[in-house]
J.: 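Once you've had a glance at the structure underneath, I'll fire off some questions.
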Amino acid sequence: MGEGELKLLGMWASPYVIRVRIVLNQKGLKYEYFEEDLTNKSELLLKCNPIHKKVPVLIHNDRPICESSVILQYIDEAWSESGPSVLPTDPYEHAMARFWAVYIDDKMRSTLLGILGATTEEAKAVKITEAMSMLELLEEAFKKCSKGKPFFGGDTIGFLDVTLGSSLTWFKTIENLSEQKLLDETKFPELVEWAERFLSADCAKEVMPEVQKIEEYITVLKARSAAAAVASSK
Amino acid sequence: MVPNSEVRLFGMWASPAVWRVEWALKMKGIEFEYIEEDVSDKSSSLLMYNPINKQVPVLVHNGKPIVESLVILEYIDETWNDKPILPVDSYERAKARFWATFVDVKCREAARKSFFGEGEERENGIENLEIQLKALDEELEGKKFFAGNSIGYTDLVVGWMAFWLGVAEEAGDFKAVNSSKFPFFTAWIENFLQDPLIKNNLPPRDKTVEFFRLFRQAGSCAKANVK
């Protein structure tokens with residue numbers, strides 16, 4: 001079923017793109033990667049994702065698939081014979097994985113960006129408390145989903161592993177910049193060990209960005225938004 | 001058929017997310033017990049089954065809870081896998097899921113701004129809704145339903161826009177749906193609401209409009225209190 005030409009439009013720092021690349025690697029799928037400049041989007045991106053104009057976009061035999069969670073499910077279904085399953089095959093475990101993925105995507109981005117963008121210590125403290133509550137829930141979720149195995153997905157990296165794992169570099173970067181340990185091994189021992197296993201996995205290693213590069217990128221983003229604020233106030 | 005199956009649905013009569021689960025259950029002919037929740041005074045059962053979001057809908061199948069309406073729909077389709085709701089082809093499934101995220105994230109946000117917002121925020125909401133309706137209208141060209149000749153997953157997930165968007169327009173005093181700008185979408189609304197599955201499975205319109213009117217007033221009061 002799953003044969004033919006694969007292209008991926010992406011951006012190196014985006015966790016949504018990273019998670020798709022990890023799964024493509026895990027499935028042993030070859031693809032042509034196109035790095036997008038999000039300040040100057042390509043014709044191909046605008047044609048393939050006219051509604052959102054966002055990455056990632058997977059193009060399979062010239063047909064585009066958009067939205068990272070939709071792409072991951074597509075890869076799982078179209079290449080069900082290649083490599084391990086991305087999503088659990090049991091419908092209930094599948095539902096659990098998708099629920100936690102929704103939770104992570106809802107909370108993670110706003111909490112991490114909230115810590116980064118907080119202008120007062122009080123505001124930062126509120127966001128840090130939010131992050132800690134989220135990690136507590138995820139520590140419990142890990143125990144339930146993994147059932148003693150190395151990953152949320154069991155023996156191999158799965159949907160929930162990549163959903164959470166793709167943000168690990170951002171996590172580390174924000175810990176450094178805010179001088180606040182979030183993934184604390186005394187509070188979240190299972191998650192910390194899981195993170196180490198995830199980051200050393202072959203399929204993840206080469207696509208996870210470096211902390212320093214993300215720090216530089218954050219500086220660029222802050223400068224850009226400051227410039228935009230100045231421009232719009234004139 | 002799933003033998004010895006106990007299915008319970010925790011819901012709230014006005015909630016579109018709850019109704020889409022009911023539509024799916026009825027489409028599949030699955031028997032279930034419905035429990036109406038008072039969302040201002042949530043039951044201990046609801047809080048036990050959904051401690052994280054504390055929201056409806058919650059589907060409980062043989063004692064195991066599933067939350068988030070889109071997750072519930074896929075669970076239902078996988079567990080009772082005769083009469084599939086989602087398309088069979090992987091690419092068509094990807095398109096259906098794409099539209100689900102589109103209406104549940106983008107359109108809902110625009111509708112929220114149009115309904116609760118004032119001034120520039122409201123205008124921005126309505127403008128975005130119109131762009132989104134155009135995209136949905138184009139998708140429907142040449143089709144009776146999103147899924148083709150009969151209702152499918154995409155119709156069920158966009159379904160809130162067939163009824164609740166009109167309710168929000170009336171209760172919130174704004175207009176986005178326009179039959180000359182969006183002829184296919186307007187025709188789809190008619191077809192969807194007339195379908196026997198949907199026609200007999202909607203909350204009473206007047207009561208829903210009134211509920212949303214009060215909901216909007218409460219929203220404005222809350223904003224005023226925050227200032």
Side-chain angles (χ1 to χ4, degrees), chain A residues 1-4 16 48-54 56-81 87-107 109 133-134 136-138 140-141 144 159-160, chain B residues 2 5 17 21 49-53 55 57-81 86-107 110 128 131-139 153-154:
Chain A
M1 206 257 131
E3 278 165 20
Y16 303 100
C48 290
N49 192 356
I51 290 177
H52 301 299
K53 308 176 179 48
K54 284 183 178 171
V57 179
L58 185 74
I59 308 172
H60 182 208
N61 292 335
D62 295 325
R63 297 196 301 186
I65 301 111
C66 310
E67 296 289 328
S68 64
S69 60
V70 178
I71 294 171
L72 293 181
Q73 289 190 262
Y74 177 77
I75 293 170
D76 206 25
E77 289 168 12
W79 286 275
S80 53
E81 312 295 308
L87 277 146
T89 44
D90 171 73
Y92 186 70
E93 287 175 20
H94 180 141
M96 285 299 99
R98 290 198 65 215
F99 165 75
W100 283 113
V102 167
Y103 175 79
I104 290 165
D105 275 346
D106 265 350
K107 291 273 180 214
R109 196 161 185 269
S133 307
M134 184 182 76
E136 263 173 49
L137 283 174
L138 291 173
E140 284 312 302
K144 278 197 197 127
F159 186 80
L160 199 38
Chain B
V2 177
S5 211
V21 174
Y49 287 129
N50 190 1
I52 293 173
N53 296 336
Q55 282 174 349
V58 179
L59 188 79
V60 181
H61 182 210
N62 293 336
K64 296 198 287 196
I66 303 107
V67 311
E68 292 292 330
S69 63
L70 294 182
V71 177
I72 296 172
L73 288 190
E74 293 220 23
Y75 176 81
I76 290 170
D77 212 30
E78 281 168 40
T79 308
W80 289 270
N81 50 25
L86 271 157
V88 172
D89 173 72
S90 310
Y91 187 68
E92 294 300 318
R93 288 162 80 88
K95 275 170 59 180
R97 287 171 177 143
F98 169 82
W99 286 115
T101 322
F102 177 69
V103 298
D104 268 16
V105 177
K106 291 275 182 200
C107 301
N128 285 339
I131 296 170
Q132 291 151 8
L133 287 167
K134 188 95 194 94
L136 290 165
D137 193 67
E138 283 170 6
E139 178 60 23
Y153 173 86
T154 310

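Per chain, numbering begins at 1; letters A, B, ... match sequence-line order.
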J.: Answer with side chain, backbone, both or neither: which region of B:Ile72 has an atom nearer than 4.5 Å to a non-hydrogen atom of chain A?
T.: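 The answer is neither part of B:Ile72.
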J.: Tell me, please, which residues at least two apart from A:Pro64 pass side chain to side chain contact (heavy atoms under 4.5 Å, CB included).
T.: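 Counting only residues at least two positions away or on another chain, A:Pro64 forms a side chain to side chain contact (heavy atoms under 4.5 Å, CB included) with A:Cys48, A:Val57, B:Tyr91.
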J.: Rounded to the nearest 0.5 Å, what's the gap from CE on A:Met134 to CD1 on B:Ile52? Could you check?
T.: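 Answer for the CE-CD1 pair, A:Met134 versus B:Ile52, is 12.0 Å.
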J.: What pair of heavy atoms forms the shortest contact from A:Ala95 to B:Val71, and how long is it?
T.: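 Residues A:Ala95 and B:Val71, closest heavy atoms: O-CG1, 3.4 Å.
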J.: Mind checking the CH2-CD spacing from B:Trp99 to A:Glu67? Nearest 0.5 Å is all I need.
T.: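 Output value for this atom pair is 11.0 Å.
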J.: Atom CZ in A:Phe99, atom CD1 in B:Ile66: separation rounded to 0.5 Å?
T.: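 Spacing of CZ (A:Phe99) from CD1 (B:Ile66) equals 12.0 Å.
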J.: Heavy-atom cut-off 4.5 Å, strictly under: side chain, backbone, both or neither for B:Lys106 against chain A?
T.: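 Answer is side chain: those atoms of B:Lys106 sit under 4.5 Å from chain A.
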J.: Please evaluate residues A:His94 and B:Glu78 with respect to the criterion side chain to side chain contact (heavy atoms under 4.5 Å, CB included), reporting the C-alpha separation (whole Å), side-chain torsions for both, the decisive distance (0.1 Å), and the verdict.
T.: CA-CA 10 Å; A:His94 180 141; B:Glu78 281 168 40; 3.3 Å; yes
J.: Side chain to side chain contact (heavy atoms under 4.5 Å, CB included) between B:Val67 and A:Tyr103: does it pass, once the steps are laid out?
T.: CA-CA 11 Å; B:Val67 311; A:Tyr103 175 79; over 6 Å; no
J.: Keeping to residues at least two apart or across chains, list the salt bridge (charged side-chain N to carboxylate O under 4.0 Å, His left out) pairs with something in residues 66-76 of chain B.
T.: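 Passing the test, one end in residues 66-76 of chain B: A:Arg98-B:Glu74, B:Glu74-B:Arg97.
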J.: Where is the tightest heavy-atom contact between B:Ser90 and A:Tyr74, given as atom of each residue plus distance?
T.: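 Result for this residue pair: O-CD1, 3.5 Å.
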J.: Is it the backbone or the side chain of B:Asn53 that comes under 4.5 Å from a heavy atom of chain A, or both, or neither?
T.: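 Answer is side chain: those atoms of B:Asn53 sit under 4.5 Å from chain A.
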J.: For the residue pair A:Val70 and B:Ala94, what are the closest heavy atoms and their distance?
T.: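 Scanning both residues, the minimum pair turns out to be CG1-O, 3.2 Å.
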J.: With side chains defined as the heavy atoms from C-beta onward, is the minimum distance between A:Tyr92 and B:Pro65 less than 4.5 Å?
T.: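 Yes; the side chains approach each other to less than 4.5 Å.
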